[in-house]
Number of protein chains: 4
Amino acid sequence: MARGVNKVILIGNLGQDPETRYTPNGNAVVNLTLATDESYKDRQTGQLVPKTEWHRIVMFGKIAEVAGQYLRKGSKVYIEGKLQTRKWQGQDGQDRYTTEIVVDINGQMQMLDSRGGDGGGMNQGAPAGRPQQQSYNQPAPQQQGGGYQGQSGGYSQQPPQQQSQQHPPQPSPQHSPQQQQSSMPEPVDDFDDDIPF
Amino acid sequence: MARGVNKVILIGNLGQDPETRYTPNGNAVVNLTLATDESYKDRQTGQLVPKTEWHRIVMFGKIAEVAGQYLRKGSKVYIEGKLQTRKWQGQDGQDRYTTEIVVDINGQMQMLDSRGGDGGGMNQGAPAGRPQQQSYNQPAPQQQGGGYQGQSGGYSQQPPQQQSQQHPPQPSPQHSPQQQQSSMPEPVDDFDDDIPF
Amino acid sequence: MARGVNKVILIGNLGQDPETRYTPNGNAVVNLTLATDESYKDRQTGQLVPKTEWHRIVMFGKIAEVAGQYLRKGSKVYIEGKLQTRKWQGQDGQDRYTTEIVVDINGQMQMLDSRGGDGGGMNQGAPAGRPQQQSYNQPAPQQQGGGYQGQSGGYSQQPPQQQSQQHPPQPSPQHSPQQQQSSMPEPVDDFDDDIPF
Amino acid sequence: MARGVNKVILIGNLGQDPETRYTPNGNAVVNLTLATDESYKDRQTGQLVPKTEWHRIVMFGKIAEVAGQYLRKGSKVYIEGKLQTRKWQGQDGQDRYTTEIVVDINGQMQMLDSRGGDGGGMNQGAPAGRPQQQSYNQPAPQQQGGGYQGQSGGYSQQPPQQQSQQHPPQPSPQHSPQQQQSSMPEPVDDFDDDIPF
DNA sequence: TTTT
DNA sequence: TTTT
């Protein structure tokens, strides 16, 4: 529920491959940088000057999974999300603020590459087959708490094992104490399947 | 011209009265802070927790003039603009980044207070009569170059006198109310109406 | 899931009180007409001519319930939905098409009257207390099939009794046959379930 | 000027080649049909059922010129416009209504085919070179009066010769390549004002 | 850092 | 009528 409207709509290209992390609960969190270009006319020279605007995107839930799997550096994508500015501490102890576009359960993502080309070519990790134009709305709404702390701790770079199945506790030491502190936001918990297509 | 889409849509309330400045050419530049509220459910307590997101808005052109005149702390407003992140230097010499929603010629603004109440009450500068619900599209496009440096120099806190005409320096050091009225900048030429907002 | 983007954003005023109906399962369906105004300059006279655009809105789910309860003729509202054109038969047997803005689980609604005034005054059915500015996202997504036939049959003008509880079949003759056959249990609000359209 | 917000955002594919007409003043008017797809889950079978929504688009001005030149059947495109319903008379003398998305000076269009392929291949009229991803905002506002009458009379299927200049009647009945060149879209043209940013 |  |  919201008193107000907070909506961002972007179409642009990824500057890098997406970075995928996982919450202790196995939910994907993806960070992207997206470029939108605009040209303006220089007043002195009359020349058209290209200007690129870079956007930081954070995706949660199923959209994040799809983005992590199918988007690559250079991919063109439509994104709908909301603005969120988070505060963090610089190494000098001073407050810094970073504004991101959060794409959660209420957001949308749509891949716009008609051929799904990864734009980079050197992404050996790219999946063999990929969808060409597909849009995702998350399956269930969720409120974003104040807990997300950007790139900071508590996230695993490893995908969860079979998140949708019951399985015995992981003995693996890779899953560290960070998992214990399960106060991390868990944007979407009720996925009903892993791969939507 | 743009290769991409960069659009922000907000409905929220002003945290403070707008700050109006003027370029050397007499064009208004207005800074706003806008709050959009959202509630999320705390996972531990199950309580609805209100969360306010603050947005920095920069307006140019006629929309800026209208906003500066009619919006006040607490005003509810619809805004359409684009995201822009600008770099600046902190006092420690380090780079900082601030993301703002730029409402220029391609943006839109709409006052949503059915009564135009200023929400604060102590804004003696508020004009007597104000429109109730009015939307503004800028009359002609304009490209935003890279030159805008936020709050920094080159801006005047005083509105220009009759910018579109050559005129001798104003002797009066005080800006009287009458001047306020008669100093409407008219940067764009093809207005199809006579209402100044 | 969508291959494409289909989004409508409107701010306007209701032309009439909302019409609420209920599906056999007790889910609210609300029809609205919304006016958005625009002025254009007549090319001959140079006069500003007001022009009102009327939009047909159909709301489903919890948003519909809220709209039916709190919106009245004249209410100002923000609506986000999608375009849908449905075909129907005129009395002359010919095909007609009506385009509506569908506000379902993926849509949004926000009341913008700072005072919630009903704008009409003669709506005795209006609830005593009403929210002032509140936005609604539906709690869970739902796919809109092709079956919705507008104003046509299968809908009841009467609200369901205690839709969130199990209850014995209603002996009341007020409840039409259609309602009788729909004695299914009614999970509270997040229906991803049995809406037949 | 508008009291209200009336905005439509679509991403979809053209069902046919665009139809271009010209007003007596030589302004291009383009009609498109755009498909947006959505899948919904059939309640009986649980199957995903594809559903296509068709949208009627009308474009004016420079955007229309670009669309007429570069879009083809199958082209994927982003469109931003406004809803407009116009009344017309059926052959039976009865009123009919058609809702269209109007893309005028305040609208936007962006071609999303990474390769500009025409999707049909048999469009011999397609220009040799075409932009790949380009977005257009109209360079100057224009009010849409009540005068547009859909497909009806007053429009020419022939493009104007040099509409922006006074010139003697063209002797050549054939539209030469040079003319083609000179009618190339020029998304950004005349920013002449003095805003220094 | 992307894209054309 | 498009697209995947």
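As the structure is a prediction and not an experimental result, all values here were calculated from the model. To find a chain, count down the sequence lines: A is the first, B the second, and so on, and within it residues start at 1. Side-chain atoms are counted along with the backbone in the values below, which use heavy atoms only and exclude waters and symmetry mates.
Between the CD atom of D:Q110 and the C1' atom of E:dT3 there is a distance of 11 Å, rounded to whole Å. In this structure, C:N6 places its CG atom 19 Å from P of F:dT2, rounding to the nearest Å. For A:I79 and E:dT3, the CD1 to C1' distance is 15 Å, given to the nearest whole Å. Nucleotide F:dT4 holds its C1' atom 13 Å from the CG atom of D:L48, rounded to whole Å. Between A:M111 atom CE and E:dT2 atom P there is a gap of 21 Å when expressed in whole angstrom units. Atom pair A:L10:CG and E:dT2:P shows a separation of 18 Å (rounding to whole Å applied). In this structure, the CG atom of A:D37 is 7 Å from the C1' atom of E:dT2, given to the nearest Å. To the nearest angstrom, C1' of F:dT3 lies 17 Å from OH of A:Y78.
Between the side chains of A:H55 and A:T33, not a single donor N or O lies within less than 3.5 Å of an accepting N or O.
Here A:T36 lies out of heavy-atom contact (under 4.0 Å) with every strand.
Partners of A:T99 by side chain to side chain donor-acceptor pair (under 3.5 Å), not counting sequence neighbours, listed by chain and number: A:T85. Residues passing the side chain to side chain contact (heavy atoms under 4.5 Å, CB included) test with C:D95 are C:K87, C:Q89, C:Y97, sequence neighbours excluded.
Of the candidates E:dT1, F:dT2, E:dT2, E:dT1 carries the atom nearest the A:T33 side chain, counting heavy atoms from C-beta on. Closest to the side chain of A:N13, from the set F:dT3, E:dT2, E:dT1, is E:dT2.
In the interface, the side chain of B:R3 is not paired with the base of E:dT3 through any donor and acceptor atom under 3.5 Å apart.
Side-chain N or O atoms of A:D17 include one that pairs as donor or acceptor with a backbone N or O of A:K73 at under 3.5 Å.
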